[in-house]
Chemist: 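Okay, handing you the structure first.
Per chain, numbering begins at 1; letters A, B, ... match sequence-line order. As the structure is a computational prediction, the values presented were derived from the model and not from experiment. Side-chain atoms are counted along with the backbone in the values below, which use heavy atoms only and exclude waters and symmetry mates.
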2 protein chains.
Amino acid sequence: MPDLGLLLYLPHRELENRVFAALAEAGFDDVTPAQARVFHRIDPDGSRLTELAEAARITKQTAGFLVDQLERAGYVERGPDPTDARARLIRVAERGRAAVPVCLAAIAEVQREWTAHLGRPRMAALLDALTRLREITDPGR
Amino acid sequence: MPDLGLLLYLPHRELENRVFAALAEAGFDDVTPAQARVFHRIDPDGSRLTELAEAARITKQTAGFLVDQLERAGYVERGPDPTDARARLIRVAERGRAAVPVCLAAIAEVQREWTAHLGRPRMAALLDALTRLREITDPGR
DNA sequence: ATAGGGTGATCAACTTCTCTGACCGCTGTC
DNA sequence: GACAGCGGTCAGAGAAGTTGATCACCCTAT
């Protein structure tokens with residue numbers, strides 16, 4: 001039995017651990033996976049809380065809780081939404097922008113290792129399959 | 001940027017949701033993802049708590065907590081380990097055995113859908129790549 | 001122009017999962 | 001047999017998520 005669930009879970013956990021280890025080493029030691037999943041979905045032009053919650057598939061309350069923490073740590077900032085006084089726009093702040101290259105480097109490093117293990121064609125096939133799978137597993141994008 | 005982390009996360013979450021929806025519908029509505037991850041690693045001949053904790057990469061305490069819940073709900077049972085009086089063997093119990101086919105059916109159904117979307121060769125390539133990746137992301141197996 | 005339903009966000013209380021640290025009993029070696 | 005070490009549990013805490021209620025603001029249909 002191929003055990004699809006575990007097969008997807010293991011590499012995801014590995015990658016996540018590696019990225020957070022890299023972040024911690026670079027001094028971004030106060031960010032958690034849950035915060036990162038929200039942070040990750042922030043649009044360059046700013047996002048509303050409800051948008052983030054929907055994209056990350058969590059409740060607005062949880063999203064608000066995580067954005068609070070990110071804001072307190074200086075990774076994001078909240079401002080008013082000029083088009084709707086009820087809403088507030090969440091934007092990536094200075095410290096958040098500084099953390100992004102660290103993540104990207106860690107991901108690239110893991111991808112290099114995996115490519116070395118699998119060989120270039122199999123790695124390409126993996127990325128291709130996962131990308132196409134996103135079409136039916138990421139509702140709304 | 002392909003965003004490897006999200007690509008692995010999305011299908012895993014989708015599969016997990018589907019399996020737990022199927023379990024709930026079949027009357028196994030008191031089992032949680034964390035419990036399932038431990039349950040899943042139980043050897044047919046029984047496993048020790050410490051083994052399960054290592055395999056699932058959680059602390060002994062967390063494993064104990066989850067096994068407590070699984071035991072109370074009738075999915076597993078604890079017995080003595082004849083070879084070591086300190087240890088206790090955790091085995092799958094009646095209700096646990098009954099839940100397994102429900103999970104397998106749900107996984108098979110998702111796999112069918114994904115195969116239909118990707119095409120047979122791409123799905124095979126995905127499983128192949130993930131299986132090989134396990135060699136370097138599942139330490140100890 | 002305004003009354004009322006829908007949307008964006010927050011507050012409060014709770015559950016689940018995970019951790020660290022301390023501890024106890026059994027094993028096996030020297 | 002003494003004792004270092006392993007298997008497991010107890011206690012306490014924090015992180016991440018939930019539901020339910022509430023409030024302010026928006027927009028459309030009378």
Chemist: Just the endpoints, please: which first and last nucleotides of DNA chain D, 5' to 3', lie under 4.0 Å from a heavy atom of chain A?
Modeler: D/dA16 to D/dC26
Chemist: Under 4.0 Å, heavy atom to any atom of DNA chain D: which of residues 15-35 of chain B qualify?
Modeler: none
Chemist: Does B/Arg97 reach the main-chain N or O of B/Val92 with its side chain, forming a donor-acceptor pair under 3.5 Å?
Modeler: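 Confirmed, B/Arg97 side chain pairs with B/Val92 backbone.
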Chemist: Among residues at least two apart in sequence or on other chains, which ones pass side-chain contact (heavy atoms from CB on, under 4.5 Å) with A/Val19?
Modeler: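 A/Val19 satisfies side-chain contact (heavy atoms from CB on, under 4.5 Å) with A/Leu15, A/Leu23, A/Cys103, A/Ala106, A/Ile107 only.
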Chemist: With a 4.0 Å cutoff (strictly under), does any side-chain N or O of A/Arg88 reach OP1 or OP2 of C/dT10?
Modeler: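 Yes, such a contact exists.
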Chemist: The criterion is side-chain contact (heavy atoms from CB on, under 4.5 Å); which residues satisfy it with A/Ala26, sequence neighbours excluded?
Modeler: A/Phe28, A/Val102
Chemist: Report, one line per pair, each donor and acceptor closer than 3.5 Å where one atom sits in a side chain of residues 58-67 of chain A; sequence neighbours left out.
Modeler:
unit_1	atom_1	unit_2	atom_2	d
A/Thr59	OG1	A/Thr62	N	3.3
A/Thr59	OG1	A/Thr62	OG1	3.0

Chemist: Scan for side chain to side chain donor-acceptor pair (under 3.5 Å) pairs involving residues 64-75 of chain A, sequence neighbours excluded, and state none if there are none.
Modeler: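 The answer is A/Asp30-A/Tyr75, A/Gln35-A/Gln69, A/Asp68-A/Arg78, A/Glu71-A/Arg78, A/Tyr75-A/Arg95.
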Chemist: Tell me, please, which residues at least two apart from A/Ala87 pass side-chain contact (heavy atoms from CB on, under 4.5 Å).
Modeler: A/Arg48, A/Asp81, A/Asp84
Chemist: Between P on C/dA9 and CG on A/Asp81, what's the gap in Å once rounded to a whole number?
Modeler: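 Going from CG in A/Asp81 over to P in C/dA9 covers 8 Å.
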Chemist: For B/Glu113, give me all partners under salt bridge (Lys or Arg N to Asp or Glu O under 4.0 Å), at least two apart in sequence or on another chain.
Modeler: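 Result, salt bridge (Lys or Arg N to Asp or Glu O under 4.0 Å) vs B/Glu113: B/Arg18.
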Chemist: Regarding B/Thr62, tell me which of base, sugar-phosphate or nothing describes its non-hydrogen contacts under 4.0 Å with the strands shown.
Modeler: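 If one applies the 4.0 Å heavy-atom cut-off, B/Thr62 turns out to touch a base.
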Chemist: For nucleotides 22-30 of chain C, read 5' to 3', which letter fits each nucleotide if B means a protein heavy atom sits under 4.0 Å from the base, S means only the sugar-phosphate is that close, and - means neither?
Modeler: ---BBS---
Chemist: What pairs of residues pass the salt bridge (Lys or Arg N to Asp or Glu O under 4.0 Å) test when at least one of them lies in residues 117-129 of chain A, not counting sequence neighbours?
Modeler: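 Sorted pair list: A/Arg122-B/Asp128, A/Asp128-A/Arg132, A/Asp128-B/Arg122.
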Chemist: Can you sort out the partners of B/Glu16 under salt bridge (Lys or Arg N to Asp or Glu O under 4.0 Å), two or more places apart, ordered by chain and number?
Modeler: B/Arg37
Chemist: Got a sec, which residues hit ring-ring contact (aromatic ring centres under 6.0 Å, His included) with B/Tyr9, two or more places apart in sequence or on another chain?
Modeler: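 Result, ring-ring contact (aromatic ring centres under 6.0 Å, His included) vs B/Tyr9: A/His12.
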